[in-house]
Trainee: 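Take this structure first; my questions come after.
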Amino acid sequence: MTDKLIIFDTTLRDGEQSPGASMTRDEKLRIARQLERLKVDVIEAGFAASSNGDFEAVKAIANAIRDTSICSLSRANDRDIARAAEALSGAARPRIHTFIATSALHMEKKLRMTPEQVLEQAKLSVRFARNLVADVEFSPEDGYRSDVDYLCRVLEAVIREGATTINVPDTVGYAVPELYGNFIKTLRERVPNSDKAIWSVHCHNDLGMAVANSLAGVKIGGARQVECTINGLGERAGNCSLEEIVMAVKTRKDYFNLEMNIDPLHIVAASRMVSQTTGFVVQPNKAVVGANAFAHASGIHQDGMLKARETYEIMRAEDVGWSASKIVLGKLSGRNAFKQRLQDLGVQLESEADVNSAFARFKELADRKSEIFDEDILALVSDESVAHENEQFSFVSLSQHSETGERPQAKVIFRVADIEVSSESDGNGPVDASLKAIEKHVRSGAEMVLYSVNAISGSTESQGEVTVRLQNSGRVVNGVGSDPDIVVASAKAYLSALNKLQSKADRVPAQG
Ligand code: KIV
Ligand code: ZN
């Protein structure tokens with residue numbers, strides 16, 4: 001008999017905890033729709049009690065998605081749990097995921113609670129959650145570093161209270177595969193009612209072993225749910241990467257012998273969407289979704305590939321959605337063709353007005369760039385959602401002058417609220433001059449902690465996609481901008497980051 005492996009995606013919750021990756025309600029909704037297309041089993045949409053913004057995002061996703069379970073994280077207290085249930089009230093299949101730390105270190109230093117108090121709190125919380133929804137997941141935070149005897153007592157108790165999934169996090173990414181796999185196995189063997197719950201793995205990537213540890217938890221430990229994120233997005237070194245887990249289990253079905261619901265054809269589009277929304281660029285040699293993942297550069301490999309592709313290829317690029325990347329539209333393409341392409345790419349804009357505005361931007365781009373790729377369209381609609389928030393700042397135009405031996409000058413025109421302003425500056429290069437011109441007027445005082453440029457579709461004819469990460473008063477945000485002119489893309493990215501700094505999305509940290 002082949003078991004089923006449940007794929008639980010936490011891009012919108014744990015992934016969003018990466019510095020600067022916080023997303024707006026509309027951005028989260030768009031990604032949730034892509035996750036539904038990918039057929040993940042559970043979407044952890046956020047942490048409803050952490051902020052009003054996150055509450056609204058969980059609620060919007062719960063109301064819009066019908067085919068996937070929607071989950072909200074909540075700390076182990078009645079207020080958080082009630083808030084999660086409220087946000088999930090419109091969901092077809094709501095799940096509450098409640099957690100409390102169980103390692104001696106976390107209980108003593110962070111929670112300042114005794115083990116008996118934590119045990120009691122865990123029981124009460126699961127009981128309370130089960131009165132609100134039928135599907136309740138419990139996580140002992142820092143579970144892997146917890147005392148195994150104590151952890152068995154906690155897990156037995158919460159299963160008795162009705163927890164339907166038990167998730168065992170390696171919160172700090174300390175595990176190694178064999179030990180983590182055996183840890184899950186031991187828990188399942190020693191907890192008397194372990195067969196009443198589905199066991200789940202949740203691994204962080206601090207030592208680069210999140211995927212290997214999760215697979216060991218499945219193979220050795222018998223876990224049947226994996227928690228993961230698109231592109232491995234997440235705090236510090238990130239979470240277990242969805243695309244790697246899925247393709248490992250699929251490609252090595254001979255070894256894992258597990259079924260999944262996932263439709264891998266949508267993996268690459270999901271990866272691009274998450275990267276363009278958060279500004280976290282995917283490294284070229286990243287497994288499955290990196291630009292080089294299926295490129296065979298060496299002569300020997302190319303020769304082998306031409307004779308028989310199986311010589312060097314263990315999975316097919318087109319099976320994870322790479323072949324969708326082709327020249328799709330040009331200057332003469334009409335609104336219907338554009339709309340159809342958006343649909344094929346899985347992008348659902350909220351209204352006809354949004355489609356019109358995206359189409360106008362597409363025409364503008366097609367005037368400057370003869371071949372429009374899928375990547376260009378995804379970047380364009382990504383920009384569209386940023387523009388749509390219509391916060392404080394928006395780009396109008398830019399001119400700059402640079403010449404060898406001379407200090408570059410830039411003039412940027414942008415809107416602050418509805419007022420058009422013009423600002424000029426010099427700088428070390430045209431990008432520096434442009435961003436200094438904006439800052440000269442805005443005076444945000446923010447520190448730039450990251451600037452990166454990426455060619456969206458490979459060549460110098462492609463659009464540049466720029467990420468700017470700003471830090472101010474303890475907040476970190478990423479702004480993303482794209483344009484065939486990288487100086488313009490940089491100015492857009494800077495304005496987008498300033499917009500995010502302006503929004504007052506302060507939230508309670510999940511592990512706080
Ligand atoms: O890593 C972790 O411990 C978590 C829990 C909140 C599940 O993300
Ligand atoms: Zn986590």
Side-chain angles (χ1 to χ4, degrees), residues 6-19 21-22 42-51 54 58 69 71-77 80-81 83-84 95-107 109-111 118 121-122 125-126 129 135-146 151 154-155 158 163-175 180 183-184 187 197-211 213-214 217 223 225-242 245 280 507-512:
I6 296 169
I7 300 297
F8 175 114
D9 181 278
T10 183
T11 307
L12 302 176
R13 198 281 296 172
D14 218 350
E16 203 207 16
Q17 281 173 222
S18 333
S22 74
V42 188
I43 297 173
E44 188 162 52
F47 174 14
S50 68
S51 68
D54 229 27
V58 175
S69 294
C71 173
S72 171
L73 184 72
S74 71
R75 287 167 298 188
N77 65 59
D80 269 29
I81 294 170
R83 194 84 174 130
R95 174 182 293 193
I96 292 178
H97 176 191
T98 186
F99 76 98
I100 189 162
T102 51
S103 66
L105 189 65
H106 279 227
M107 289 190 289
K109 305 281 183 215
K110 189 181 78 171
L111 299 176
V118 167
Q121 191 71 36
S125 302
V126 170
D135 189 1
V136 173
E137 172 168 330
F138 175 78
S139 289
E141 191 193 357
D142 206 18
Y144 179 66
R145 292 195 302 169
S146 303
L151 191 54
V154 173
L155 299 182
V158 295
T164 42
T165 300
I166 296 294
N167 178 48
V168 184
D170 176 22
T171 304
V172 292
Y174 181 67
Y180 183 72
F183 189 66
I184 306 287
L187 292 175
I198 290 173
W199 289 71
S200 166
V201 288
H202 178 112
C203 297
H204 282 266
N205 202 34
D206 298 65
L207 294 172
M209 290 188 279
V211 172
N213 289 336
S214 303
Q225 173 176 288
V226 175
E227 303 203 348
C228 46
T229 60
I230 302 286
N231 300 335
L233 186 69
E235 258 181 302
R236 310 185 308 275
N239 283 63
C240 169
S241 136
L242 178 145
I245 276 285
F280 277 71
R507 48 179 73 199
V508 179
Q511 275 101 344

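Every number for a ligand or one of its atoms is a count from 1 in the order of the listing.
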Trainee: For ligand 1, is there an N or O atom under 3.5 Å from any N or O atom of S139?
Mentor: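 In this structure, S139 places no N or O atom under 3.5 Å from an N or O of ligand 1.
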Trainee: Answer yes if the ring centres of F138 and F99 are under 6.0 angstrom apart, and no otherwise.
Mentor: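 Ring centroids of F138 and F99 are no less than 6.0 Å from each other.
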Trainee: Can you list the ligand 1 atoms lying under 4.0 Å from a non-hydrogen atom of H204?
Mentor: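 Once the distances to H204 are compared, the set is 1 (O).
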Trainee: Suppose we only count N/O/S atoms under 2.8 Å; would E235 qualify as near the Zn ion (ligand 2)?
Mentor: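 Short answer: no, not a single N, O or S atom is under the cut-off.
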Trainee: Would you find a donor on one side and an acceptor on the other, under 3.5 Å apart, between the side chain of N231 and the backbone of L233?
Mentor: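 No, because the side chain of N231 does not come within donor-acceptor range (under 3.5 Å) of the backbone of L233.
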Trainee: If you have a sec, read the angle at the Zn ion (ligand 2) from H202 atom NE2 over to H204 atom NE2, to 10 degrees.
Mentor: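 Rounding to the nearest 10 degrees gives 100°.
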Trainee: Is a side-chain donor or acceptor of S74 paired with a backbone partner of A84 at a separation under 3.5 angstrom?
Mentor: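 Checking the backbone N and O of A84 against the side chain of S74, no donor-acceptor pair under 3.5 Å is found.
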Trainee: Using a strict 4.0 Å threshold on nitrogen-to-oxygen distance, state whether R145 and D142 make a salt bridge.
Mentor: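 Answer for the salt bridge query: yes.
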Trainee: Strictly distance-based, threshold 3.5 Å: is any side-chain N or O of S18 a donor or acceptor partner for the main-chain N or O of A21?
Mentor: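 No; judged by distance alone, with no hydrogens or angles, the pair does not exist.
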Trainee: Taking all non-hydrogen atoms of both residues, which atom of F47 and which atom of L73 are closest, and how far apart?
Mentor: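 Heavy-atom minimum between the residues: CD1-O, 3.3 Å.
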Trainee: Under a heavy-atom criterion of less than 4.0 Å, does H97 contact ligand 1?
Mentor: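 Per 4.0 Å heavy-atom rule, H97 contacts ligand 1.
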Trainee: Which of the numbered atoms in ligand 1 are under 4.0 angstrom from any heavy atom belonging to H202?
Mentor: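 Here the atoms of ligand 1 in question are 1 (O), 2 (C), 4 (C), 8 (O).
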Trainee: Can you spot which of N167, I100, L187, L155 makes a side chain to side chain contact (heavy atoms under 4.5 Å, CB included) with P140?
Mentor: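 Result for side chain to side chain contact (heavy atoms under 4.5 Å, CB included) with P140: L155.
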Trainee: Hey, is E227 close enough to R13 for a salt bridge, meaning N to O under 4.0 Å?
Mentor: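 Looking at E227 and R13, the cut-off is not met.
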Trainee: When you measure from the Zn ion (ligand 2) to each N, O or S atom of D14, which atom gives the shortest distance?
Mentor: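 In D14, the N, O or S atom with the shortest distance to the Zn ion (ligand 2) is OD2.
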Trainee: So which bit of R13 gets within less than 4.0 Å of ligand 1, heavy atoms only: side chain, backbone, both or neither?
Mentor: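 Side chain only.
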Trainee: Answer with side chain, backbone, both or neither: which part of D14 has a heavy atom less than 4.0 angstrom from an atom of ligand 1?
Mentor: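 It is the side chain that touches ligand 1; the backbone stays farther off.
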Trainee: Counting each atom of ligand 1 from 1 as listed, which ones have a heavy atom of P169 under 4.0 Å away?
Mentor: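 Under 4.0 Å from P169, ligand 1 has these atoms: 2 (C), 3 (O).
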Trainee: Looking only at N/O atoms, are E141 and ligand 1 under 3.5 Å apart anywhere?
Mentor: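 No, no N or O pair falls under 3.5 Å.
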